[in-house]
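Following: one structure in C-alpha cells, then a few remarks.
Only heavy atoms go into these numbers, but all of them, side chains included; no hydrogens, no water, no symmetry mates. First the proteins, then the strands, lettered A, B, ... as listed; each starts at 1.
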There are 2 protein chains.
Amino acid sequence: MTETTSPALRTALAYYQAWTSHDLGKAMSYIADDIVCDAPAGRLVGADAYRGFMGQFVQILTGSQLIAAFGDDTTALIMYDTETAPVKSAPGAECVTVIDGKITYNRFIFDRAPFDAARKTAT
Amino acid sequence: MTETTSPALRTALAYYQAWTSHDLGKAMSYIADDIVCDAPAGRLVGADAYRGFMGQFVQILTGSQLIAAFGDDTTALIMYDTETAPVKSAPGAECVTVIDGKITYNRFIFDRAPFDAARKTAT
C-alpha cells in the first residue's frame with residue numbers, strides 16, 4: 001500500500017510520523033514557508049498560519065493510525081484515522097504537493113461535525 | 001497521478017465516473033452486495049443501505065472534479081471535489097477495498113459541517 005519509491009510520499013509520511021508523534025517542530029520542517037492549505041474551515045496561507053492550525057490539533061491528539069498512502073513524483077495522497085480528546089475517531093485525508101522535499105500545497109479533508117458537537121456539549 | 005495498472009483503481013474510477021454522471025444503477029454494479037462503508041455518520045452495511053446513502057447524494061450533485069487517485073491490487077484511494085445544490089465545494093475522500101471488481105469496503109470522509117449549516121439556513 002505504501003510506495004516508498006515516491007519522493008512525495010516519503011515526505012508526506014515523514015511529516016505524518018512527526019506530527020502524530022507530537023513533534024510539531026519536526027513536522028514543520030517539511031512544510032514550505034509559502035504553503036497553501038485548503039482545509040474544511042477555509043484556506044490557510046503561510047507556514048505560521050499552518051503551524052497555528054496543526055498546533056491546536058496536535059494538542060488534542062491521543063492516537064493515530066495510517067489507513068492508506070500512495071504517491072508519485074510530486075503528489076502524495078494519504079488517509080488516516082486519529083483519536084483525539086474530544087472525538088474518539090476523527091479520520092482525515094490529505095493530498096499534498098511536494099517540491100524539493102517540502103509540502104507546498106495541502107488539500108485537507110476531515111469531518112468537523114463531531115468536533116462541533118463536542119464543543120456544544122462542553123459549553 | 002492516475003495509475004491505471006491498479007485493478008482496484010480501475011474499479012474505483014469506473015464507480016466514480018458512474019455516480020458523478022448520475023448513473024446510480026451503473027455505480028451500484030461496482031458495489032458488493034455485502035459492502036461495508038464507514039461514513040461520517042456511521043457504518044452502512046449492505047448494498048441497499050449504500051444505495052440509499054449514495055442516491056440522496058447524487059440527487060443534490062451538480063458537479064465534480066477528481067483531485068487525485070492511486071491504487072494497488074486491492075486498495076484504491078481517491079480524493080475529489082464535488083459541487084452540490086446546498087454546498088458549493090464539498091470535497092470527499094474514499095479508500096476502497098476491491099475484490100473481483102466489486103467494492104467490498106469503503107472508508108469515506110467528507111465534512112458534514114457545511115451540510116448541517118445549509119440545513120439550518122433552509123429551515
Checklist line | Which atoms of B/Thr74 approach chain A - backbone, side chain, both or neither, heavy atom under 4.5 Å | finding: neither
Next item on the list: Group every Ile, Leu, Val, Met, Phe, Trp and Tyr by side-chain heavy-atom contacts under 4.5 Å, then state whether B/Phe115 and B/Phe53 land in the same group.
Entry: yes
Check: Distance from B/Ile109 atom CD1 to A/Asp81 atom CG, nearest 0.5 Å?
Finding: 7.5 Å
Margin query: Within this structure, what is the OH-SG distance for the pair A/Tyr80 and B/Cys95, rounded to the nearest 0.5 Å?
Written below: 13.5 Å
Note to self: Counting heavy-atom pairs under 4.5 Å with chain B, which one of A/Ala41, A/Ala93, A/Pro91, A/Pro40 comes out on top?
What the structure shows: A/Pro91
Note to self: Looking at every non-hydrogen atom in both residues, tell me the closest pair between A/Phe70 and B/Thr75 and how far apart they are.
What the structure shows: CZ-O, 4.0 Å
Margin query: Around atom CG of B/Asp48, are there more than 12 heavy atoms from other residues, nucleotides or ligands closer than 6.0 Å?
Written below: no
Next item on the list: Determine, for A/Arg112 against B/Asp116, whether the closest basic-nitrogen to carboxylate-oxygen distance falls under 4.0 angstrom.
Entry: no
Next item on the list: Measure the CG-CG distance between B/Asp111 and A/Asp111 for me, rounded to the nearest 0.5 Å.
Entry: 5.5 Å
Note to self: Distance check, rounded to the nearest 0.5 Å: A/Met79 atom CE versus B/Phe108 atom CZ?
What the structure shows: 9.0 Å
Item checked: ILVMFWY network linking B/Ile60 to B/Met28, side-chain heavy atoms under 4.5 angstrom -> yes
Check: Should we say atom CD of A/Glu83 is surrounded by more than 12 heavy atoms from elsewhere, each under 6.0 Å from it?
Finding: yes
